[in-house]
Amino acid sequence: MISRNHLHHWMMRECSWKDSLGEYNHIHRHSGIAWHTPASVNFGTADAVDEARQITLNEAYVANPERVSRRPSPPEVPTVFFINEPAAESQIN
């Protein structure tokens with residue numbers, strides 16, 4: 001099995017699109033991971049980003065409560081996510 005670290009180093013060395021990979025991982029926000037970057041989720045900064053988002057949402061709500069029906073909150077980061085979800089294996093008892 002190839003480690004994620006080995007694959008990352010190979011991709012950065014071999015792929016001509018490594019600049020795009022940097023943008024994909026560090027700049028582009030993904031809907032499947034609550035509008036975070038993969039780097040933010042991987043390095044554990046997603047909670048801090050969510051706290052900052054919540055402060056901004058609270059300020060917007062206080063300034064214009066008539067614009068929304070309930071107090072807004074940032075989307076939750078899923079606890080499990082896949083690029084390609086593996087097929088469920090049947091359990092034999």
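Keep in mind that the numbers below use all heavy atoms, side chains included, and drop hydrogens, waters and symmetry copies.
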Angle between ring planes, Phe43 versus His26, binned at 30° and 60°: parallel, tilted or perpendicular?
parallel

If you take all heavy atoms of Ala34 and Pro75, which pair is closest and at what distance?
CB-O, 3.6 Å

Heavy-atom neighbours of Glu66 CD exceed 12 at 6.0 Å
yes

Taking Thr37 for the side chain and Ser40 for the main chain, is one N or O donor matched with an acceptor at less than 3.5 Å?
yes

Between Arg70 and Val68 (side chain of the first, backbone of the second, donor and acceptor by atom type, cut-off under 3.5 Å), is there such a pair?
no

List the atom of Gly32, the atom of Pro78, and the distance in Å for their closest heavy-atom pair.
O-CG, 3.3 Å

Just by modelled atom types, is the Tyr24 backbone N or O under 3.5 Å from a matching donor or acceptor in the His30 side chain?
yes

Evaluate the side chain to side chain contact (heavy atoms under 4.5 Å, CB included) criterion for residues Arg71 and Asn58: first the C-alpha distance (whole Å), next the side-chain angles of each, then the deciding distance (0.1 Å), finally the verdict.
CA-CA 7 Å; Arg71 187 174 290 273; Asn58 289 345; 3.6 Å; yes

Check Val49, Ile55, Thr56 against Arg53 for a side-chain contact (heavy atoms from CB on, under 4.5 Å) and give me the one that passes.
Val49

Minimal non-hydrogen separation, Gln54 against Pro74, with atom names
OE1-CD, 2.8 Å

Test Val77 against Asp50 for side chain to side chain contact (heavy atoms under 4.5 Å, CB included), laying out the working first.
CA-CA 9 Å; Val77 178; Asp50 279 343; 4.2 Å; yes

